[in-house]
2 protein chains.
Amino acid sequence: MSENKYVYDFTEGKREQRELLGGKGANLAEMTNIGIPVPFGFTITTETCDLFYKNGKSYPAGYDDQLKEKIKIVEEKMGTKLGDPSNPLLLSVRSGAAVSMPGMMDTVLNLGLNEVVVEGMIQKTGNERFVRDSYRRFIQMFGNVVMNVEHHDFEKILDNKKETKGVELDTDLDANDLKDLAKEYKEMVKKATGKDFPDEPMAQLQMSIDAVFGSWNNPRAILYRKLNDIKGLLGTAVNVQAMVFGNMGDTSGTGVCFTRDPATGENVFYGEYLMNAQGEDVVAGIRTPEKLETLNDVNPEAYKQLCEIREKLEKHYKDMQDMEFTIQEGKLYMLQTRAGKRTAAAAVRCAVEMVEEGLIDKKTAILRVDPASLDQLLHKQIDQLAKSKHKAVSKGLPASPGAAVGEVVFDAEKAHEWAEEGKKVILVRTETSPEDLIGMNAAQGILTSRGGMTSHAAVVARGMGKCCVAGCSDVVVHEKDGYFEVNGEQVKEGEYITLDGTEGEVFIGQIPTVDPELSGNFGTLMEWADEVRKLKVRTNADTPHDSEVAIKFGAEGIGLCRTEHMFFEGDRIKAMREMILAKDLDGRKKALDKLLPFQKADFKGLFEVMKGKPVTIRLLDPPLHEFLPREEADIAELSKEMGVSVDELKQKIEALHEQNPMLGHRGCRLGITYPEITEMQTRAIIEAGLETGDDTLVPEIMIPLVGNVEEFKNQRAIVVKTADDIIKSAGSKMEYKVGTMIEVPRGALTSNQVAEEADFFSFGTNDLTQMTLGFSRDDVGSFVPEYIEKGILEKDPFQVLDQTGVGQLVQMAAEKGRGVKSDLKLGICGEHGGEPSSVEFCHRTGLNYVSCSPYRVPIARLAAAHAALKE
Amino acid sequence: MSENKYVYDFTEGKREQRELLGGKGANLAEMTNIGIPVPFGFTITTETCDLFYKNGKSYPAGYDDQLKEKIKIVEEKMGTKLGDPSNPLLLSVRSGAAVSMPGMMDTVLNLGLNEVVVEGMIQKTGNERFVRDSYRRFIQMFGNVVMNVEHHDFEKILDNKKETKGVELDTDLDANDLKDLAKEYKEMVKKATGKDFPDEPMAQLQMSIDAVFGSWNNPRAILYRKLNDIKGLLGTAVNVQAMVFGNMGDTSGTGVCFTRDPATGENVFYGEYLMNAQGEDVVAGIRTPEKLETLNDVNPEAYKQLCEIREKLEKHYKDMQDMEFTIQEGKLYMLQTRAGKRTAAAAVRCAVEMVEEGLIDKKTAILRVDPASLDQLLHKQIDQLAKSKHKAVSKGLPASPGAAVGEVVFDAEKAHEWAEEGKKVILVRTETSPEDLIGMNAAQGILTSRGGMTSHAAVVARGMGKCCVAGCSDVVVHEKDGYFEVNGEQVKEGEYITLDGTEGEVFIGQIPTVDPELSGNFGTLMEWADEVRKLKVRTNADTPHDSEVAIKFGAEGIGLCRTEHMFFEGDRIKAMREMILAKDLDGRKKALDKLLPFQKADFKGLFEVMKGKPVTIRLLDPPLHEFLPREEADIAELSKEMGVSVDELKQKIEALHEQNPMLGHRGCRLGITYPEITEMQTRAIIEAGLETGDDTLVPEIMIPLVGNVEEFKNQRAIVVKTADDIIKSAGSKMEYKVGTMIEVPRGALTSNQVAEEADFFSFGTNDLTQMTLGFSRDDVGSFVPEYIEKGILEKDPFQVLDQTGVGQLVQMAAEKGRGVKSDLKLGICGEHGGEPSSVEFCHRTGLNYVSCSPYRVPIARLAAAHAALKE
């Protein structure tokens, strides 16, 4: 037993020992060993924590002796002694696992104080108020985090005291008040816990260590590990360190600093400090901290030393560092260093510049930037400073990132009109439907009171790169009366609101926004990512405009063009409705003939923008009733337009109504019952292709919702016959491909059969998720948030691919499909195509490409590079 | 090559050679060889057909010689000669595969006739009209089936002739007319085909053989084989046989007979015949055929011979035979024998009595009865004779078998009231919802205009063993105006209609019905089935009454009790609505406390009926909005009842509305967001169990819609805590099981995880089919019928388990589950549990039991026996 080492002092550890010493402990040791001034201390290992649990919450043999030995070393180094009133050693105790983890025990400071030591320290420092304040803070912290007394109970006593004294701030209390407080605190602790507050420093220390280990398995920490998929850790380490004080007078102070600007990434020394203050004062915001540069005036020696440490640590760690320091009576101590949190812009700039400086290589640079964070760079954002002065009136789902300011409008048509007049508008609706596309397109942003992260509004808005707050259930839209209510406020049509789609917040009034800057560094990083990734990245785009945006963002083709999105404007919707309401095949064909030129022009536009890059066009997918009006007034109008009675119209709409439209008459089921639709769409694609005159063009025609190879065969036959006739008549040799969406579980299960017939598969993971999990994405709002809260689901499966369930089907389908046709082209075109962990899954599964909305293309490119590098 | 034998004469074949000679050919040979008088002939083998296709539609070497040789043998046996005007041999040519298969070529009779032979035959028979009629019939048949001239084109000429002559019946045409007709026919054939009608008998014969082989691969035949899953056949055989004539005068005749009564199975000789007639005349119904017994008076010799043949054939084939015979000028010939088609009642009686007679063994008897056919025996049926005098006004889906006669009523409440007054009613609705249960229960039968085979109406009606015609889209219900329209007819409330649920037919007025008779033979057969089957058979039942019915039908437990069905009556629905509308947990708990005693009483009733047999109770499954009213008037009433404003009520209903309720907030998702529901239901089950005082009772609690093991763990924890507390307080040692439905694809895919926690799985193949195929069972009416027609689907997947897709998931889940827990109890409780091919699949997959509606229990028992015997 005795050969096991449970306690490492700071000279014994190193940064590579994160697993054993925790992140904090490893860095404190590393700093100590490269000559940075660190208050001395030691770390109790994560292994000890593991054994603590394995032994039924008791410590291994030998631990006690090692602890005592290390305390002796600290005492020697610091020249002080634990519990010695004349020259006391005070300690801080902090938890620290290998991975940063909120939810575990907070810090205990000033450990080692008791009535006797307090008296001695007053003698020694001559600063009674400081010592008494330290003591009452210690009782409060220890009482709360170690002895589990409610924080609130301490605050009550403190508030009482301030009221009695008629003062407002803690700092207005004098030494006597603080002495009283300490007494009252201890009495309250006794009453609440039935135990005396411990006076003996070693007992205080051991209780604190127990508490840290105990907190490893508290529910919050367990949930946090689960939600963040943190596995395989032994436990937490405990860091015990000599106290230094920034609040010992005007030559003392404390601060935080970054080796580069964490907001912009600029290579400047950045930080804040306060003299005569403790760490929490800098954060609390009662006093305004000073800019770091001014420290040069206050204590040039310390500032110079800090600048040297900045350089030393960044070179040493090869990453931007976030450091904490304390100056005690003029002398600088470093309390912590760690990789600094940074904005996406800063991450990109640091990564690229560090490569230029020769500090890191390109691969490291790529991995330094979180793909998901790029979203921040690609959209207009609310100015953060301005935002901090406003309070959100409500919060919904952050359905599509970015910011939008505009006048409220409730009707899609009106949104369009106002926008034409040059107004900036925000479309506010209970939920949106395809009829609203014209208004969504015209609006700066969209706010809905119903629907989840993959509701119509959310999906379309993301596709458009347009800000959207969805499912904001506080909002009640009174469309007819021209206002909406939100938490007691009324907002009328024409009044301004501001949306923060990144956070899901809604503000009344206008808040300034900041435009995105796709700086040179961004471009450089993306180039590096492209060099290493193996997955191709395509885009989901329905219009030439979207395609242009996507190409700018680096898309290598269109993975999904949803033809139905082309059917909603002006004359098109009329022809579409005519088709749906037709009484027979002839009527349908006549209407389809009207749609043909529109579709052809659309496809030609796409082909021209994409210049020979692959374009996958999905045939009509949604159920027909989506194209018919729902509101009485609209039905009446349509009745007039079409010369069909309102009653007949209503009957037709009623007849098309479905209990579960998601599982109804849609996708290839439409093409099978109405082969003339498939014919028309094929004609439009092929004729458009021929008209481009581009020899290299190979259109990819995609049959949606195939669950059965017979469905595919039926549709393929129609496509091939139509296409071959046209190509032959034109005397052309144009090639084309016919493939399918794999989005019905049965399609995945029988993909070997489907692969015999199909040229490619594209996994439609939105619908595949809906059917595999039995979740209607429009309806999950009622339980998925609670599922996530209760830990039943880790993530929203419509945002992050469910690799265990849906992923199993994707993998199975890929294997079965490739088993039949080894060069089968595989892609994914669900919302997941732009989500980093899902992209990584696609890489591992051997797909050829992912396809996502234009604004997510850079995310997918970077995520694909990460996946390749992590392999 | 020359060693291959392509043509077998009737002395060379035997019954075991079905594969080679086809069913018809094998039986003709068999009869010939056991001394039955059969017009001589030969069979061209199915192998020849196979080679015909393999050789690019040409015949193998040697075939020609063999054909000629066999014709010579026939000529010798018959003493006639093909094409010899003085003594001509005439032939019939018929197709005949190993399996009876409509869609292939029809018969050609009288082959060998031409102008010259006709003249000779007139001379020989002295019956010009007979000969000329035979000739024009031959031209018509040959022209149509061999030369592909439209039947219609012949009919037009015939009609013309009759009009010119001013007669109505074919028989009114004289020999001269028929002579003209033959001429006109031949001219028309020439015009239509560009070819002369062949005069040379050998050419006629070879063309006919070509046509039979060609018809093997016509689209109808291919579709038929596909739909009936007929695989592995080589092709069709061709039977060529000397003609005999039943229409040569009063001593000639033709008939069909069965060795037992095909309607009842009684061991009596049963048949019909007509003198001076050809086969088609017996079927055509122009003349009424005579009862077979009377033949004894007409030709006692032939009758006696026929009786001997009856006995000989039945003993020989050991099955009831369906025979065709012809008497030519006093002499009896047998043209065909095959296993006779019979009603379910006859099948059961024949099977059991043949065992008693020592003709067959029990296993054979079991396999003789088609499990699906038992449905006929278990329900009231329309009297067939009476029915033949009525014409159905419309046809819907045969959603639940049986017959019902009653007064039309449109409202569930009124149906209940009228039934209380002693009226027989039929509930007619656009579609039904759980609110209609009270009316469905009171009605004789249910008619809906919308919904498929597994719509609410269909499922509930089958469960109740009640006749239902669903999705009858001709029916338009005008509930408020008190009538429905159907194909131009108006039927008012209170008027009588008759439903045939077995056929899906609707009749206006009353038609007499026949009650089911579960005769002794039925019981005997079921006992034999129980001796051999390995699968257990449980029932889906929600009430003590249903359970009693099921026990009578042989159920061995309850596989699915749907607790929500208990929530719809009187005070229960009130309490349920109170629960749903409650604003907080307290309100919900109060309402649940009111539901508790009802549920407890329900469960106790079930337990008492089942007397220790296993009872699986599924916790609340449907979305809550199903319990709220939809109609304005009902909402107003509820508003008054509950003291909640109409507006608030509507808002709540609106808030609960879902786009795709099937994939929404239901199943265990409810129990997770409202754990108090799970608690109440568990309490009701356990307390009811304890109150029965039955030590052997082990309630099985089933968590619905689990797709994720975490859902199951969450619910199991609530169940276990609640149950254990109650059991402990009661000082009992009662055991219980907690299992889950596997009905979400993800549940099947991750069943290894679920199996770690669950005591049993029950496959909910209804929902599993919905989600795996992406078919909403309420909405598939718009495309599934067309899918089946086009051969995209073989069967309605809600009736017959889709073994390729859904079955793959079931198998995977069973394997993964058993991999973790080898004794995991597996069952199925979807609609498929009572469908024979699905039951067979369950047997092969190693499930422990199937569970189906009470009226399907006998079907499942017999199907399980078949599965075990076929193994």
Side-chain angles (χ1 to χ4, degrees), chain A residues 431 450-451 473 623 651 655-667 669-670 672-673 705 707-708 710-711 713-714 743-750 753 767 769-784 786-787 790-794 802 804-806 808-809 812, chain B residues 431 450-451 455 473 476 623 655-667 669-670 672-673 705 707-708 710-711 713-714 743-750 753 767 770-784 786-787 790-794 802 804-806 808-809 812:
Chain A
E431 56 193 337
R450 204 151 61 189
S473 52
Q651 259 179 31
L656 285 171
H657 172 263
E658 294 183 309
Q659 294 293 318
N660 298 288
M662 160 68 206
L663 308 176
H665 195 187
R666 50 172 288 239
R669 299 163 194 178
L670 289 173
I672 289 169
T673 50
L705 212 71
N708 185 320
E710 297 299 333
E711 292 175 318
K713 280 164 139 175
N714 173 299
E743 54 187 332
V744 175
R746 195 183 190 281
L749 290 163
T750 61
Q753 294 174 3
D767 278 4
T769 299
Q770 296 201 79
M771 294 183 220
T772 306
L773 274 61
F775 283 8
S776 163
R777 68 183 191 186
D778 294 319
D779 302 313
V780 291
S782 49
F783 60 93
V784 161
E786 195 164 350
Y787 265 40
K790 288 187 172 167
I792 289 172
L793 282 177
E794 296 187 2
D802 160 39
T804 314
V806 179
Q808 196 180 138
L809 279 179
M812 184 190 302
Chain B
E431 55 193 336
R450 204 152 59 192
S455 60
S473 52
V476 182
L656 285 171
H657 172 264
E658 293 183 310
Q659 293 292 319
N660 298 288
M662 160 67 206
L663 309 175
H665 195 189
R666 51 172 287 240
R669 298 164 195 176
L670 289 174
I672 289 169
T673 49
L705 212 71
N708 184 321
E710 297 299 332
E711 293 175 318
K713 280 162 133 177
N714 173 297
E743 53 187 334
V744 175
R746 196 183 190 281
L749 290 164
T750 61
Q753 294 173 6
D767 278 4
Q770 296 202 77
M771 293 184 223
T772 305
L773 274 59
F775 283 8
S776 162
R777 68 183 191 187
D778 293 320
D779 302 312
V780 291
S782 49
F783 60 93
V784 161
E786 196 164 347
Y787 265 40
K790 289 187 172 167
I792 290 173
L793 282 177
E794 298 187 0
D802 159 39
T804 314
V806 179
Q808 195 179 140
L809 278 179
M812 186 188 301

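Per chain, numbering begins at 1; letters A, B, ... match sequence-line order. All values below come from the heavy atoms of this structure, side chains included, with hydrogens, waters and symmetry mates left out. Note that the structure is predicted; figures quoted are calculated from it, not measured.
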Taking C-beta and beyond as the side chain, do [X] and [Y] meet within less than 4.5 Å on heavy atoms?
X        : Y        : answer
A:Phe783 : B:Arg666 : no
A:Met812 : B:Gln808 : yes
B:Met771 : A:Phe775 : no

Are the side chain of [X] and the backbone of [Y] linked by a donor-acceptor contact shorter than 3.5 Å?
X        : Y        : value
B:Lys790 : A:Ile672 : yes
B:Glu710 : A:Leu793 : no
B:Asp779 : A:Glu658 : no
A:Asp778 : B:Gln659 : no
B:Asn660 : A:Ser776 : no

Can you tell me which portion of [X] sits under 4.5 Å from chain A's heavy atoms? Options are side chain, backbone, both or neither.
X        : answer
B:Asp767 : neither
B:Glu743 : neither
B:Glu711 : both
B:Arg450 : side chain

Output the distance between atom CG (B:Leu749) and atom OG1 (A:Thr804), rounded to the nearest 0.5 Å. 10.0 Å

A:Glu431 versus chain B, the contacting section by heavy-atom distance below 4.5 Å: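 Answer is side chain: those atoms of A:Glu431 sit under 4.5 Å from chain B.
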
Using non-hydrogen atoms and a 4.5 Å limit, figure out which bit of A:Gln753 sits close to chain B: side chain, backbone, both or neither.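 Answer is side chain: those atoms of A:Gln753 sit under 4.5 Å from chain B.
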
Do you know which of [options] has the most heavy-atom pairs under 4.5 Å to chain A?
options                      : value
B:Gly774, B:Ala655, B:Gly667 : B:Gly774
B:Asn708, B:Asp802, B:Leu809 : B:Asp802
B:Thr673, B:Leu656, B:Thr750 : B:Thr673

What is the minimum heavy-atom distance between A:Ile792 and B:Asn714, and which atoms define it?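 Here A:Ile792 and B:Asn714 meet closest at CD1-ND2, 3.8 Å.
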
Considering only heavy atoms and a distance below 4.5 Å, find which of [options] pairs most often with chain B.
options                                : result
A:Ser473, A:Gly664, A:Gly747, A:Pro661 : A:Pro661
A:Ser782, A:Gly791, A:Gly707           : A:Ser782
A:Lys713, A:Gln651, A:Arg746           : A:Arg746

